[in-house]
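Below is one structure, written out as structure tokens; comments come after it.
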Number of protein chains: 2
Amino acid sequence: MPARSAEPAVIWSRPERAGRGPRPAYSRSDIAAVGVRVADADGLDAVTMRRVAAELGCGTMSLYNYVPRKEDLHELMADAVMGEYDTSQPPSGDWRADLLAMAYQARQLMHRHTWLPRMMSPVYGFSPNGLRFIEYTLSCLDGLDARYGAKLELIAMVNGMVTTYVSNELAAAERTRSLPWSEEREHEVRAAYLARQVAGGAYPRMAAAMAEDAGPIDLDGAFDRALRRVLDAFNDPTDSADSTDPAGSTDPAGSTDPADSTAPTDSTGGSLGVSSGGGSGT
Amino acid sequence: MPARSAEPAVIWSRPERAGRGPRPAYSRSDIAAVGVRVADADGLDAVTMRRVAAELGCGTMSLYNYVPRKEDLHELMADAVMGEYDTSQPPSGDWRADLLAMAYQARQLMHRHTWLPRMMSPVYGFSPNGLRFIEYTLSCLDGLDARYGAKLELIAMVNGMVTTYVSNELAAAERTRSLPWSEEREHEVRAAYLARQVAGGAYPRMAAAMAEDAGPIDLDGAFDRALRRVLDAFNDPTDSADSTDPAGSTDPAGSTDPADSTAPTDSTGGSLGVSSGGGSGT
DNA sequence: CCTAGTTACGTACGTCGTACGTAGTGCGGT
DNA sequence: ACCGCACTACGTACGACGTACGTAACTAGG
């Protein structure tokens, strides 16, 4: 990836329409819609500047007038699908129920747009529809006695769990299709490997797990219970140290890392939100 | 990405050393170590076949003798860092405490290798160290009366929560450094945008959140409590519908999606595990 | 010892994001 | 009115990337 020139701003901070030149031929939502359509149809990797520009009906480089970086295209897409959240119903007064309902909405959203979990990443800036989502979710939490920072963290955690859960679901679903070498062959090879490893006797429990008849685990139920528990955990601050205690309870060790347990400061930013990019490091 | 030729197998199913030709100059762990080193130093995106081959001391295409696809390189890397799990201590007998300890180990692991969360994805096949990790964690759960499928799901859920949590942590940490345009400028622009949005009055709660003095939220504590709750949730199957009930309780709606609430079958595969790739779609 | 299968690796193709230059366009200020 | 400039449009091109392919060297099993 070549060096970036300038222009720090998140895309939302630049106006969609500049005053001076000829009027833009396309709107942001046009572009976002194309991106979403391509991603839905052929996967996130198919969303290239060239492809989107072509489907939009313009030259590749013209797209850069609207979207300075590909990352911004992703942000547009994420914002677009977050517009699908239904925030019309007023909060019921039961914040647990409302948050759970939002979680299920998120799950459906990710089912409709399976590329969404891949770009779920906490990001500093919030998109318009992201703000709308957060504001609504916060309104669901009005009955919860906590600081907004904590509420945002709760929302982030719930969103993260949904992402985790849906990722598992989707991975299981994807596995059954879209193998170039037929599902059986793939399964066969992997199962053979696993069986060989397990046959050594080093992994008796894994062996038992494989042998287990695997009646349909109530995945939905498990997810539901876990979610409710997390929600409850933010309500009453009872038992922290239940009875027993692990090696280190609240924050064991943590020495050799950079940026270890430091600084949960600045609670408003970086809590949740959908966006892309995801810093590589350095 | 060009078309793939053949060879379905996961990398672990091919022997490291073939009998016939000259002896390979490097081992898998050599390669994995280089990949990890590069990723730790310069981010996951810096892990290219060329770079790794160069640092390894061989031509680019020679690397393909060891690693048929870049994805497999990632798998090698993931396996390598999963080898850092300490599974030497026998389970204490308190599975909650043990699982919590493993969660903290995972957190530290992701702090040491910040690229790890990005390739955390449930995958069908398990790497050697992944198997070791799962086997050990399952042994921690010996005292839990549940099917192995459920236990694997629990492990997956905990891992997912850790990933979510650490991703949040890292995003907050990364935000403060590694901006090409100086931190202040970035913050300034984003804050300006956010303030402008919020100033409209459409997002009163977000405004309040921003105005909040943001004393240090007990992020660690919140995570710890949430984790413990989830763990407890898998123990006693009491309250599903606590008192109130959201719009849809166990599985609301779910209509327009492909692969909606179907099929949690096959519990042994696709539960957890570290790997890369992550299907794009289609 | 032979030969078949491996390792080593340079070259090359197709793709990507995107910097840059040029030409055309229409609004804002005078 | 008009003029200038900021904007749009977009072709070309560069430097990555993953990796297919062909060739030369090598070594273990027959």
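Letters A, B, ... mirror the listed sequences (proteins, then strands); counts begin at 1. Bear in mind the structure is a predicted one, so any value in this text is a computation, not a measurement. Computed from heavy atoms alone, side chains included, the values below leave out hydrogens, waters and symmetry copies.
Remark: the backbone N or O of Asn129(A) is paired with a side-chain donor or acceptor of Asp79(A) at under 3.5 angstrom.
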Tell me, with the steps shown, if Asp45(A) and Trp115(A) meet side-chain hydrogen bond (donor to acceptor under 3.5 Å, both in side chains).
-> CA-CA 9 Å; Asp45(A) 293 339; Trp115(A) 41 272; over 6 Å; no
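With sequence neighbours left out, the side chain to side chain donor-acceptor pair (under 3.5 Å) criterion links Glu16(A) to no other residue. Applying the side-chain contact (heavy atoms from CB on, under 4.5 Å) test to Glu135(A) and every residue at least two apart in sequence or in another chain returns Tyr203(B), Pro204(B), Arg205(B), Met206(B). Listed by chain and number, the residues in a side-chain contact (heavy atoms from CB on, under 4.5 Å) with Pro22(B) amount to none (sequence neighbours excluded). Every residue meeting the side chain to side chain donor-acceptor pair (under 3.5 Å) condition with Tyr165(A), not counting sequence neighbours, appears here in chain and number order: Asp220(A). With sequence neighbours excluded, the residues satisfying side-chain contact (heavy atoms from CB on, under 4.5 Å) with Tyr85(B) are Met82(B), Thr87(B), Met102(B), Gln105(B), Ala106(B), Leu109(B), Arg132(B), Phe133(B). Judged as a side-chain contact (heavy atoms from CB on, under 4.5 Å), and not counting sequence neighbours, the contacts of Ala80(B) are Ala32(B), Val36(B). Partners of Ser27(A) according to the side chain to side chain donor-acceptor pair (under 3.5 Å) rule, which considers only residues two or more places apart in sequence or in another chain, are Ser29(A), Asp30(A).
Here dC17(D) presents its C1' atom at 13 Å from CG of Asp45(A), a figure rounded to the nearest Å. Leu63(B) has its CG atom 16 Å from the C1' atom of dT6(C), to the nearest Å. Atom NE2 of His74(B) and atom P of dG18(D) are 8 Å apart (whole Å). Taking atom NZ of Lys70(A) as the reference point, atom C1' of dG17(C) lies 8 Å away to the nearest angstrom.
The stretch residues 50-66 of chain A participates, sequence neighbours left out, in these salt bridge (charged side-chain N to carboxylate O under 4.0 Å, His left out) pairs: Arg37(A)-Glu55(A), Asp42(A)-Arg51(A), Arg51(A)-Glu55(A).
Helix-axis bend for the helix from dC1(C)-dG30(D) to dT30(C)-dA1(D): the local axis fitted to the five terminal pairs at one end deviates from that at the other end by 10°, rounded to 10°.
Taking a 4.0 Å limit (strictly below) on heavy-atom distances, residues 29-36 of chain B does not reach DNA chain D anywhere.
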Per-nt protein contacts along nucleotides 8-13 of chain D (heavy atom under 4.0 Å; B base, S backbone sugar-phosphate only, - none) come out as SBBBBB
